[in-house]
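Protein chains get the first letters and strands the later ones, always in sequence-line order, with residue 1 at the start of each. Being a predicted model, the structure only gives us computed values, none of them experimental.
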Protein chains: 2
Amino acid sequence: MTKSKIGLYLNKVNDSVTLLRECGIQPTPQRIAVIEFILNTRSHPSADQALEQVRLQCPTISRATVYNTLNLLVKKGLVRTQIIREGTVVFDCNINQHHHFIDEETGNIYDIPWDQLEVKGKDRLKDFEIVEFQVILRGRRKKK
Amino acid sequence: MTKSKIGLYLNKVNDSVTLLRECGIQPTPQRIAVIEFILNTRSHPSADQALEQVRLQCPTISRATVYNTLNLLVKKGLVRTQIIREGTVVFDCNINQHHHFIDEETGNIYDIPWDQLEVKGKDRLKDFEIVEFQVILRGRRKKK
DNA sequence: AAAATATCTTGACAAAGTCTAAAATAGGAC
DNA sequence: GTCCTATTTTAGACTTTGTCAAGATATTTT
């Protein structure tokens, strides 16, 4: 399993153990619980929301460990943070470039595939060296 | 003076008094100090940063008053909030649509005029009703 | 000037996040 | 297995951002 495929296949404990080892992270039960939760959700949770969910599996885990583990996963490039919710950083297991849509009624955050939108005119911004960018859209998700 | 011109002309106390009155806000010394600071900065400050600066002019102002006044100005449409900095809401006196560039070295936030960038493909997002959007770019501002 | 409103301040509180010291655990050497 | 060391985890203290309520000040209204 390669890093680029994470986030969809992580339903076996073995996978997360392997993944942690590949990143040079000791696979403790706490870290396994965190990585299995975060790589299997599309919900862009905050650290405290992750804590709440991870405790269902691993009731004794401390807040500091969840924060430490999530930050470690960010440092290793397995997840990334997004600044799109008021008051808290959210964690995003989709490490490929993509955009975001935020439902202002529910607070839900949806990924928009990179190739669905095109941003034109960036080369005109002569004063800025762009390292990354994304479009952030807000509104309502339509009911089916 | 109309609301659409605010943010550039606000160097006379009279202007801010007029503006507050136009919005049905009683122009107290505290509120004048807050509005004069916030409408004359391009720096996208947090509420606590605003407090710090406003206290230079009005040393006795309380934190609650700065928060209340800023939120009041948001409600009246004179400034708006942006979620682009980690850990805190920032206030933006540019109420016209625009994009943002964030210098990752300094944390400085720069406005990018609306017409400099074009986002194509929004109509393909059938599941979403878009109320607003912006492009957020990160990188380094080039030295002159 | 007294009463009624509106505003401001202080301090308490909650949530998000970091840090530290001590306890628990794991891994390696023997 | 036992001992030793390095790594992890935990609990709690602390900071920052933000809100709220109660009392103190100001401002209007009459």
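Linking ILVMFWY residues whenever their side-chain heavy atoms come closer than 4.5 Å, directly or via other members, leaves B/Phe133 and A/Ile136 in distinct clusters. Using a 4.5 Å cut-off between side-chain heavy atoms of Ile, Leu, Val, Met, Phe, Trp and Tyr, with links allowed through other members, B/Val90 and A/Val90 fall into the same hydrophobic cluster.
Note: CG (A/Leu70) to P (C/dG17) measures 10 Å, nearest angstrom. Summarising the geometry, the separation between CG on B/Leu20 and P on C/dA6 is reported as 17 Å, rounded to the nearest angstrom. Rounding to whole angstrom units, CG of residue B/Asp48 and P of D/dT19 are separated by 11 Å. Distance B/Arg21 CZ to D/dT27 C1': 13 Å, rounded to the nearest Å.
For the OP1/OP2 pair of D/dT17 and a distance below 4.0 Å, the side-chain nitrogens and oxygens of B/Ser46 include no atom meeting the criterion. Close to C/dA26, at under 4.0 Å from its OP1 or OP2, lies no side-chain N or O of A/Thr28. Dashed line: the shortest gap from a side-chain N or O of B/Asn71 to OP1 or OP2 of D/dG18 is not under 4.0 Å. Note on A/Gln30: a side-chain N or O is less than 4.0 Å away from OP1 or OP2 of D/dT10.
The residue among B/Arg55 and B/Ile25 whose nearest nucleotide of DNA chain C is located toward the 5' end is B/Ile25. In terms of position along DNA chain D, the nucleotide closest to A/Asn68 lies nearer the 5' end than the nucleotide closest to the other residue of the pair B/Val90 and A/Asn68. Residue B/Thr69 is the one, among A/Thr88 and B/Thr69, whose nearest nucleotide of DNA chain C lies closer to the 5' end (criterion: closest heavy atom).
A donor and an acceptor atom, one from each side chain of A/Gln82 and A/His44, are nowhere located under 3.5 Å apart.
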List the steps, then state whether side-chain hydrogen bond (donor to acceptor under 3.5 Å, both in side chains) holds for B/Tyr67 with B/Asp48. CA-CA 8 Å; B/Tyr67 273 83; B/Asp48 278 316; 3.1 Å; yes

Hey, mind stepping through B/Gln30 and B/Thr65 against side-chain hydrogen bond (donor to acceptor under 3.5 Å, both in side chains) and telling me if it holds? CA-CA 8 Å; B/Gln30 290 88 343; B/Thr65 296; over 6 Å; no

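Using a 4.5 Å heavy-atom threshold, the side chains of B/Lys75 and B/Leu73 count as separate.
Within residues 59-67 of chain B, the residues approached by DNA chain C to less than 4.0 Å at the level of any non-hydrogen atom are B/Thr60, B/Ile61, B/Ser62, B/Ala64, B/Thr65, in residue-number order.
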